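Some notes on the structure that comes next.
Below, chains carry the letters A, B, ... as their sequence lines are ordered, and counting in each starts from 1. Remember, predicted model here, so these are calculated numbers, not experimental data.
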2 protein chains.
Amino acid sequence: MSTINQPLKLLMNLAKIQAVISRKFDGLAVHGIGFNDFLILHLLQQAPGGQLRRTELAEKIGLTASGITRLLLPMEKTGLVTRGANERDARVSYAKLTHAGKTIYEEALPSASAISEDIIPDEYLKKSPPVADLLIMLGGNIR
Amino acid sequence: MSTINQPLKLLMNLAKIQAVISRKFDGLAVHGIGFNDFLILHLLQQAPGGQLRRTELAEKIGLTASGITRLLLPMEKTGLVTRGANERDARVSYAKLTHAGKTIYEEALPSASAISEDIIPDEYLKKSPPVADLLIMLGGNIR
DNA sequence: GACATATACTTGACTTATCAATGATTATTC
DNA sequence: GAATAATCATTGATAAGTCAAGTATATGTC
């Protein structure tokens, strides 16, 4: 008889959690951006000089290089982000936060924080229960 | 100065983890199924009578109803799953595990378990560190 | 210093999922 | 019990991301 191991159980819960989360985060649409756009803005805002190589963004965000190209395209068009070149290596292209982008990020941050706290209430974190329990609980309670 | 709260940090990590996981799980493609197909088979296999209503599947898996329709379509064509009706309520339609579906599930289970253990090594679970640490660690280490 | 290999990014074709609208059935309310 | 509202599922149009192939540049080797 085949049973399910614990890691697999976790991953199955994760899948659902993530699906629900990214849909909740469409609340950011008020600011004209989606979850991944927000992530991009956040990463750039933290990066030195407000810029990162596209490959780095891909790696940090969990998308492929082509996914990044397609994600950044509209952000460049709306002027949240701009392109930069590397003097030493002509292959690389930077994504750079614009002033407009920074503004949008700062406007969206409170919404994003509120949504997050709604999904993962602070009390869960304070208790710091074992991961397994938390994820399973989330999987069961999340809407 | 705007800082990031802990829940938001977690969710940003989760997003990446999930993106990576579902790509890793395409290793199940050897069995001719994807991550969500596997999830469906798993849920049906556990359900009494090997069947579930389509809305229930949607809810459990974190997809919309239309997502389920489109996910099940090819699975019905390849005969992993079949349709059932409800005698009392003509609106509902069941997804039911076929013999072939059960076989594929059992074949895929070991692969799925192996992939999961690879992503979340057992030692992490044994230590049961606070969620935050685990997720952040994962977000940093996952490939 | 030419040739093979590797890296960074983009593009075309495709997959997967969403949303909004629709059809069909059931439940509620007056 | 007719009218209204709610629920289940599917469909057309579209968005977001993948993969494989292609272009351009860098690096390593002989």
**Study point:** Short side-chain N/O contact from A:Arg83 to OP1 or OP2 of C:dT10, under 4.0 Å
**Key:** yes
Exercise for review: Output yes when a side-chain donor or acceptor of A:Ser93 lies under 3.5 Å from a complementary backbone atom of A:Ala85, and no otherwise.
Suggested key: no
Check your understanding: Any N or O donor-acceptor pair linking the side chain of B:Ser66 to the base of C:dC19 at under 3.5 Å?
Key -> yes
Review point. For the residue pair A:Ala47 and A:Leu52, what are the closest heavy atoms and their distance?
Key: CB-CG, 3.6 Å
Check your understanding: Counting only side-chain N and O atoms of A:Thr64, is one of them less than 4.0 Å from OP1 or OP2 of D:dC19?
Key -> no
Check your understanding: Expressed in angstrom and rounded to an integer, what is the separation of A:Phe35 atom CZ from C:dT18 atom P?
Key -> 16 Å
Review point. Just how far, in rounded Å, is P of D:dT25 from CZ of A:Arg91?
Key: 10 Å
Practice item. Go through the N and O atoms of the side chain of A:Arg53 and the base of C:dT7, and report whether any donor-acceptor pair is under 3.5 Å. Key: no
**Study point:** Separation of D:dA15 C1' from A:Asn36 CG (nearest whole Å)
**Key:** 12 Å
**Study point:** Whole-Å gap separating C1' (C:dT16) and CD1 (B:Ile33)
**Key:** 16 Å
Exercise for review: Let me know, please, whether A:Val92 or A:Leu73 comes out on the 5' side of the other along DNA chain C by nearest nucleotide.
Suggested key: A:Val92
Review point. In whole Å, what is the span from the CZ atom of B:Phe25 to the C1' atom of C:dT16?
Key: 18 Å
Check your understanding: How is A:Thr69 classified with respect to the nucleic acid when contacts are heavy atoms under 4.0 Å: base, sugar-phosphate, or nothing?
Key -> base
Exercise for review: Could you check how far CD1 of A:Ile61 sits from P of D:dT18, rounded to whole Å?
Suggested key: 11 Å
Check your understanding: To the nearest 0.5 Å, how far apart are CG in B:Leu63 and CD1 in B:Ile68?
Key -> 5.0 Å
Review point. Is a salt bridge present between B:Glu76 and B:Arg54, judged by a nitrogen-to-oxygen distance below 4.0 Å?
Key: yes
Review point. Touch check for A:Ala65, heavy atoms < 4.0 angstrom, all strands: base, sugar-phosphate only, or nothing?
Key: base
Check your understanding: Which part of the nucleic acid, if any, lies within contact of B:Ile68, taking any heavy atom under 4.0 Å across all strands shown: a base, the sugar-phosphate backbone alone, or nothing?
Key -> nothing
Review point. Can you check whether A:Arg54 has a side-chain N or O nearer than 4.0 Å to OP1 or OP2 of C:dT10?
Key: yes
Exercise for review: Enter the distance from B:Phe35:CZ to A:Leu11:CG here, rounded to the nearest 0.5 Å.
Suggested key: 6.0 Å
Practice item. Take atom CG of A:Leu52 and atom P of C:dC9, then tell me their distance rounded to the nearest Å. Key: 11 Å
Point to revise | Atom-pair distance (CZ on A:Arg70; C1' on D:dA20), nearest Å | key: 12 Å
